2 protein chains.
Amino acid sequence: MRKQPQQKRSREMVRALVDATGLCIQRHGLDDTTTARIAEQAGVSVGSLYQYFGDKSALIEALMDRLAEDIAGGLRRLPLMAVNDLNEMVHRSIRFGFSVLRSRDGLYLELVRNWHRLPTHRMVDLLQQHFMELSRLYFLRHYRDYPIENLEVRVFIVTNSVLFTMVRHVSQGDVIGEEALARELTRMVAGYLAEPPETAAP
Amino acid sequence: MRKQPQQKRSREMVRALVDATGLCIQRHGLDDTTTARIAEQAGVSVGSLYQYFGDKSALIEALMDRLAEDIAGGLRRLPLMAVNDLNEMVHRSIRFGFSVLRSRDGLYLELVRNWHRLPTHRMVDLLQQHFMELSRLYFLRHYRDYPIENLEVRVFIVTNSVLFTMVRHVSQGDVIGEEALARELTRMVAGYLAEPPETAAP
DNA sequence: CGTTAATGCGAATATCCATTCGCATTCAAT
DNA sequence: ATTGAATGCGAATGGATATTCGCATTAACG
């Protein structure tokens with residue numbers, strides 16, 4: 001941020017600008033989200049925008065940061081540790097994922113469609129991190145006997161598989177139905193996570 | 001295509017332009033692939049480009065079409081039907097996928113990084129279709145006894161999972177190692193595909 | 001050859017947007 | 001109320017790039 005807003009008026013403007021960025025992206029798509037439009041939507045002028053954000057991408061990063069915190073919060077709020085059945089735990093996580101993706105009137109969908117030219121990596125990495133942590137705890141508690149060996153790899157695969165299958169599903173006509181998809185995804189993931197480390201023939 | 005090339009000279013030019021488009025994307029990235037650069041690379045002028053391609057995106061679509069045919073061809077050339085072990089079959093497919101992604105000096109990587117603003121859907125759908133067809137044949141031949149119920153859903157999940165896990169892996173530093181990733185992906189996919197339709201408790 | 005249609009050229013044009021800058025307005029402290 | 005700092009403005013600027021158009025060159029055919 002180029003300058004710290006000191007007065008109440010300007011703090012509100014910064015807030016309004018980030019809000020407006022989200023709104024514009026959601027309503028007009030990332031391509032048509034211009035500085036002019038953002039400013040107009042926020043009810044301020046373009047010039048003011050540049051008082052507090054070095055450039056347009058700084059604005060978008062601010063938006064992404066806010067969203068990332070949102071997701072992390074929601075994830076933490078799910079009481080997943082208490083769920084004994086692995087299948088059920090995975091299923092709940094996946095359903096949470098779908099609900100996030102559909103929230104905010106398509107904002108997430110538009111962001112996801114444009115993941116590569118956004119600081120999405122930050123967000124994906126963050127999610128991955130959270131899932132990693134969560135999995136570690138979960139397996140420590142529920143699978144004391146044979147702790148999964150290559151949890152890192154497995155969580156990497158599972159997170160990406162689920163994320164992008166969901167994305168593909170949502171960003172095109174859902175020919176399959178969310179219910180079935182969630183169920184089958186859960187079966188694949190839970191089945192894989194529960195597999196013993198190596199299948200070395202005796 | 002705006003006009004059909006009638007003379008040999010112009011047919012070669014069209015070819016050269018598509019080649020040049022691929023080269024530019026691969027060398028300079030999609031963002032810096034300008035009509036000027038493409039024309040220069042092809043050794044023709046910008047004006048000539050517009051003789052045969054309505055606009056820049058038409059050129060890129062032509063490139064994508066060519067690549068799609070390439071992949072389809074390679075896929076057909078793999079003798080997967082003969083492989084009895086499901087695990088092995090999946091593993092070979094995945095390794096083929098990696099090899100495609102790495103081929104053409106990073107062209108595919110650049111395209112993949114920018115999938116959303118390209119007619120990539122065409123390509124992904126095509127791939128999915130091919131895998132669907134392939135799976136149907138494979139399971140018909142090898143699993144006569146209980147044919148997989150919801151093959152559509154499973155193939156959808158599996159294709160997307162594998163594709164995008166590979167993409168994520170390749171488009172960032174591979175902290176994991178391709179070998180391990182291919183092995184684990186295979187385990188997840190083969191395990192899931194071989195699962196019986198429903199796990200209704202007796 | 002000579003004529004016509006096809007092809008090729010690339011400087012000039014058109015468009016779109018991020019970013020700036022000089023001036024106007026509002027705030028806060030005295 | 002006065003004043004200096006903070007904030008706000010938005011027309012003007014600049015840069016990038018897709019696309020066009022009038023003229024030059026080349027192929028095809030008699």
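Here is the naming used below: chain letters follow the sequence lines, and residue numbers restart at 1 for every chain. All figures in this text were calculated on a predicted structure; none of them were measured in a lab.
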Open item on the list: Whole angstroms only, please: what is the CE-C1' distance between B:Met13 and D:dA27?
Closed with: 14 Å

Task: Gap between atoms CG and P, on B:Asp55 and D:dT19 respectively (whole Å) - done: 5 Å

Tabulate protein N/O versus nucleotide N/O from nucleotides 25-29 of chain C, keeping only pairs under 3.5 Å, one per line.
none

TODO: Would you check, one step at a time, whether the test side-chain contact (heavy atoms from CB on, under 4.5 Å) holds for A:Arg66 with A:Glu69?
DONE: CA-CA 5 Å; A:Arg66 187 195 288 183; A:Glu69 281 188 28; 5.9 Å; no

Open item on the list: Going by side chain to side chain contact (heavy atoms under 4.5 Å, CB included), name the residues that satisfy it together with B:Glu12, two or more places apart in sequence or in a different chain.
Closed with: B:Lys8

Task: Side chains of A:Glu110 and A:Asn114, donor plus acceptor under 3.5 Å - done: yes

Open item on the list: Looking at B:Tyr138 and B:Asn84, would you say the former's side chain and the latter's main chain have a donor-acceptor pair under 3.5 Å?
Closed with: yes

Open item on the list: Please list, in numerical order, the residues of residues 31-54 of chain B that have a heavy atom closer than 4.0 Å to any atom of DNA chain D.
Closed with: B:Thr34, B:Thr35, B:Val46, B:Tyr50

- [ ] Under the side-chain contact (heavy atoms from CB on, under 4.5 Å) rule, what do B:Leu30 and B:Ile60 come out as? Steps first, then yes or no, please.
- [x] CA-CA 10 Å; B:Leu30 188 64; B:Ile60 293 180; 4.2 Å; yes

Open item on the list: Any heavy-atom pair between the side chains of A:Phe98 and A:Leu181 that's under 4.5 Å?
Closed with: yes

Task: Check: B:His130 and B:Ile71 side chains under 4.5 Å, non-hydrogen atoms - done: no

TODO: Taking only Lys NZ, Arg NE, NH1 and NH2, and the carboxylate oxygens of Asp or Glu, determine whether A:Arg168 and B:Asp125 approach each other closer than 4.0 Å.
DONE: yes

